[in-house]
Amino acid sequence: MKQLKKIKGTQDILPEKSIHWQALEKHVHTRMALFNFKEIRTPVFEMTEVFARGIGQFTDIVSKEMYTFTDRAQKSLTLKPEMTAPVMRAYMENTLYAKAQTHKLYYIAPLFRQENPQAGRLRQFHQFGAEFIGSAAPEADVETILLALDIFQSLGLTDMQLRINTVGDPPSRAPYKKLLQDYFRQHISDPDPTVAARIENNPLRVLDSKDPALQEIISRAPRLVDHLTPDAAAHYASVKEQLSRAGAPFTEDPLLVRGLDYYTHTVFEITSDALGAQNALCGGGRYDLLARELSDKDFPAVGFAAGMERLLMALEAQNKLPGRETAPDVFMVCLGDAARAEMATWLRRLRDAGIPADADFLKRSPKAQFREANRSGAHFSLILGEDELARRCFSVKDMRASTQQEIAFDDIISYLQARGGNHS
RNA sequence: GUGGGUGUAGCUCAGCUGGUUAGAGCACCAGAUUGUGGCUCUGGGGGUCGUGGGUUCAAAUCCCAUCACUCACCCCA
């Protein structure tokens, strides 16, 4: 029979790796709590509308990367390719805005995009992220950026770059867009279809093109920073000033343009030198326009999303992977049928006492059971055989010291507890 | 969607210009030690050489196709 294989661009996270995932998730929960962000969980799939309207029809995500299918009721559903739109949908659907003026939400979730996989890019990948909804103040932008930095830094990660830019507000952007369109139409003689479409639909996106032929033209293009309304300019200036005061080094990148339509004002990206071509650890920004795309209400918001696979890759490259292997404190070695009959009972007693315990389940030879005990990393082997049963005791072997002594059944739990677990 | 690279044991790989039953290290299992692991020694199991076709007396090796994986472009986390 043919071996079944996982879907392209997906990954099995085996025990060897999952210890790092668990530690990273725990770390995220801890740091988020420190900033008073609360976890939100949303379904893995949504009505396609949530993304089509939220993210924007002309974005790469919506136009070619979504896992979209129709269910039996002929509704179009989509596996979520990002979390900001679902969080905003949930925020409004559950009228969180009625409970408090601002909400600080965070998530850890699997996401799906049908792209060609490569290092740091998968079809099912995982992000954690935060969404600070309800405040239009630059202080909220800063809080969000500092949160992202904090999570990376507190893991010990170094060699990161924070880049920021502003994509302005609608009053700044509308006239600028026209200006940019005119400029590109005038200077790009025969644009390829993608570029042509971008000039029409979202000229800002042309700015981050890496096409060598366009670099010259792009570098001379009019810049949004020079065409901001006073309000937008003040917002951006305030973000920069607060970041500087907080001691967060950043570089301004006038060409940093996020691929999603809902962004306004501040956008930012944190990249790592430890990664390959896909070096963005985290991307985010303010998205005051999203709520209106999904409803008839307006809510200012700012957030970020960070790729967990990429973060783990960067941590691994710097030897900073969090999490350790676990091992049981004790491994039972049962010799003979009478002892084996007591195995389940003793395992239960040990575990009820909070002592991580394992045993051999293959009825193997003593030698093989000790080998397994050794491999498990257990501190002690609890040997139970004919002799021990008769004397109502265990032979307790310390696997590191290679010493052995008898401990009465009645004393075994307290004996092991006094040894303080596997790390003593 | 487009390029490049790689497919031999569970893993890492060797296998020269095609030539008997395809190898090593690690891992796994067993024995040396009939109730004692780690070290050592001995032995063992495990491979349709990614798949299909072609050339040839003969293909893991050469040719074609195909699939998978991977890196990169695009784009993004």
Side-chain angles (χ1 to χ4, degrees), chain A residues 2-11 14 16 55 58-65 80-84 107-129 148 152 192-195 198 205 208-212 256-260 267-272 275-284 303-314 331 333-336 339 360 362 364-389 394-404:
Chain A
K2 201 178 158 196
Q3 174 68 51
L4 263 20
K5 305 187 73 178
K6 63 181 173 290
I7 290 168
K8 182 202 271 284
T10 65
Q11 275 188 325
L14 305 178
E16 185 176 292
I55 305 173
F58 300 115
T59 60
D60 286 12
I61 292 178
V62 173
S63 62
K64 58 186 190 199
E65 294 171 3
K80 57 189 178 189
E82 61 100 53
M83 273 299 281
T84 303
Y107 57 84
I108 299 178
L111 300 173
F112 307 85
R113 291 182 201 171
Q114 192 163 180
E115 299 185 83
N116 253 348
Q118 74 185 75
R121 191 169 67 191
L122 294 159
R123 290 186 171 184
Q124 175 177 345
F125 60 105
H126 300 78
Q127 289 184 341
F128 66 83
F152 298 139
D192 68 55
T194 351
V195 174
R198 280 185 194 158
R205 286 293 309 288
D208 70 349
S209 165
K210 279 143 205 142
D211 184 345
L256 176 64
V257 179
R258 310 253 82 228
L260 287 64
V267 293
F268 67 97
E269 195 167 277
I270 298 172
T271 54
S272 165
L275 297 175
Q278 306 304 319
N279 66 349
L281 281 176
C282 157
F304 74 85
M308 299 185 74
E309 284 84 357
R310 288 184 192 176
L311 176 52
L312 287 167
M313 284 167 68
F331 192 94
V333 172
C334 295
L335 309 171
D360 166 67
L362 291 170
R364 287 190 281 191
S365 68
K367 183 191 177 74
Q369 290 192 50
F370 278 101
R371 188 166 50 231
E372 189 60 33
N374 184 242
R375 197 171 6 226
S376 77
H379 190 171
F380 299 103
S381 287
L382 292 198
I383 304 151
L384 190 61
E386 304 281 312
D387 298 352
E388 287 82 0
L389 279 173
F394 283 104
S395 292
V396 179
K397 177 166 185 175
D398 183 317
M399 297 299 281
R400 291 170 209 160
S402 288
T403 55
Q404 192 167 318

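Since the model is a prediction, treat every value here as computed from it, not as a measurement. Lettering follows sequence order; numbering is per chain, from 1.
Judged as a side-chain contact (heavy atoms from CB on, under 4.5 Å), and not counting sequence neighbours, the contacts of A:Leu122 are A:Gln11, A:Phe125, A:Glu309. Taking A:Phe268 as the reference, nothing meets the ring-ring contact (aromatic ring centres under 6.0 Å, His included) condition, with sequence neighbours excluded.
Between A:Glu115 and A:Arg123, the shortest heavy-atom contact is O-NE, 2.7 Å. Closest of all the heavy-atom pairs between A:Gly120 and A:Arg310 is O-NE, 2.6 Å. Nearest heavy-atom pair across A:Ala305 and A:Gln127 is CB-OE1, 3.3 Å. Between A:Pro110 and A:Gln124, the shortest heavy-atom contact is CB-NE2, 3.5 Å. Of all heavy-atom pairs between A:Ser402 and A:Lys397, the closest is CA-CE, 4.4 Å. Nearest heavy atoms, A:Ala339 versus A:Leu389: N-CD1, 3.6 Å.
Spacing between atom CG of A:Asn279 and atom P of B:C75 amounts to 14 Å, rounded to whole angstrom units. In this entry the distance linking CD of A:Gln124 with P of B:A77 reads 17 Å, nearest Å. Look at CD on A:Gln127: it is 13 Å from P on B:C76, rounded to the nearest Å. If you take CD of A:Gln114 and C1' of B:C76, they are 15 Å apart, rounded to a whole angstrom. Distance CZ (A:Phe152) to P (B:A77): 12 Å, rounded to an integer number of Å. A:Arg123 places its CZ atom 17 Å from the P atom of B:C76, with the value rounded to the nearest Å. Between the CD atom of A:Glu115 and the P atom of B:A77 there is a distance of 9 Å, rounded to whole Å. Following rounding to the nearest Å, A:Phe125 (CZ) and B:C75 (P) show an atom-to-atom distance of 17 Å.
Going from the P atom of B:G50 to that of B:U12 covers 14 Å, rounded to whole Å. For the P atoms, the distance linking B:G44 with B:G3 amounts to 50 Å, nearest Å. Atom name P, nucleotides B:G37 and B:U21: the rounded distance is 42 Å, in whole Å. Of the C1' atoms belonging to B:C73 and B:U55, the separation is 37 Å, rounded to the nearest Å. B:A68 and B:A24 have their P atoms separated by 33 Å, with the value rounded to a whole Å. Rounded to whole Å, the C1' atom of B:G15 lies 25 Å from the corresponding atom of B:G53. As rounded to the nearest Å, B:U6 and B:G43 have C1' atoms that lie 36 Å from one another. Going from the P atom of B:U66 to that of B:A60 covers 23 Å, rounded to whole Å.
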Atom pairs under 3.5 Å, N or O on each side, protein against nucleotides 31-38 of chain B: can you list them with distances?
unit_1	atom_1	unit_2	atom_2	d
B:G35	O6	A:Asp387	N	3.0
B:G35	O6	A:Asp387	OD1	3.1
B:G35	O6	A:Asp387	OD2	3.0
B:G35	N1	A:Glu388	OE1	2.9
B:G35	N1	A:Glu388	OE2	3.3
B:G35	N2	A:Glu388	OE2	2.6
B:U36	O2'	A:Lys397	NZ	3.3
B:U36	O2	A:Lys397	NZ	3.1
B:U36	N3	A:Gln404	OE1	2.9
B:U36	N3	A:Gln404	NE2	3.3
B:U36	O4	A:Gln404	NE2	2.7
B:G37	N7	A:Lys397	NZ	2.8
B:G37	O6	A:Ser402	OG	2.2
B:G37	N1	A:Met399	O	2.5
B:G37	N2	A:Asn374	ND2	2.7
B:G37	N2	A:Met399	O	2.7
B:G37	N3	A:Asn374	ND2	3.1
B:G38	O4'	A:Asn374	OD1	3.4
B:G38	O6	A:Ser402	OG	2.7
B:G38	N1	A:Ser402	OG	2.9

Show me the protein contacts with nucleotides 42-45 of chain B, counting only N or O atoms at under 3.5 Å.
none

Just the atom pairs and distances: protein N or O near nucleotides 66-73 of chain B's N or O, under 3.5 Å.
unit_1	atom_1	unit_2	atom_2	d
B:A68	O2'	A:Lys5	NZ	3.0
B:C69	OP2	A:Lys8	NZ	3.4
B:C71	OP2	A:Ala119	N	3.1
B:A72	OP1	A:Ala277	N	3.3
B:A72	OP2	A:Gln118	NE2	3.3
B:A72	OP2	A:Ala119	N	3.4
B:C73	OP2	A:Gln118	NE2	3.4
B:C73	N4	A:Arg121	NH2	3.3

Using a cut-off of under 3.5 Å, enumerate the N/O to N/O pairs linking the protein to nucleotides 5-9 of chain B.
none

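At the phosphate of B:C74, neither OP1 nor OP2 sits under 4.0 Å from any side-chain N or O atom of A:Arg205.
In this structure, the side chain of A:Arg121 engages the main chain of A:Asn116 through a donor-acceptor pair within 3.5 Å. Although no hydrogens or angles enter the test, the distance criterion places no donor-acceptor pair under 3.5 Å between the side chain of A:Arg364 and the main chain of A:Gln369. In this structure, A:Gln278 contributes its side chain and A:Ala119 its backbone to no donor-acceptor pair below 3.5 Å.
Base engagement by A:Leu122 is indicated by at least one non-hydrogen atom pair under 4.0 Å involving a base atom. Counting any heavy atom pair closer than 4.0 Å across all strands shown, A:Ala373 reaches no nucleic acid atom.
For A:Gln404, the CD atom counts as densely surrounded, since its 6.0 Å shell holds more than 12 non-hydrogen atoms of other residues, nucleotides or ligands. More than 12 heavy-atom neighbours from other residues, nucleotides or ligands sit within 6.0 angstrom of CG on A:Leu362.
Base pairing analysis places B:G5 opposite B:C69; the two distances defining the Watson-Crick or G-U wobble pair are each below 3.5 Å. Under the Watson-Crick and G-U wobble criteria, each requiring two contacts below 3.5 Å, nucleotide B:C76 is left unpaired. Using the Watson-Crick or G-U wobble rule with both distances under 3.5 Å, B:C28 pairs with B:G44. Across all strands shown, B:C62 forms a Watson-Crick or G-U wobble pair with B:G54, both key distances being under 3.5 Å. Here B:U20 sits opposite no nucleotide as a Watson-Crick or G-U wobble pair (both hydrogen-bonding atom distances under 3.5 Å). Of the nucleotides present, none pairs with B:A14 by Watson-Crick or G-U wobble criteria with both distances under 3.5 Å.
A:Phe331 CZ to A:Asp360 CG: the interatomic distance, rounded to the nearest 0.5 Å, is 5.5 Å. In this structure, A:Glu372 CD and A:Ser381 OG are separated by 10.5 Å, a value rounded to the nearest 0.5 Å. Interatomic distance, CG of A:Asn279 versus CD of A:Glu269, reported as 7.0 Å (0.5 Å rounding).
Looking at A:Arg310, its side chain comes within 3.5 Å of the base of B:C76 through a donor and an acceptor atom.
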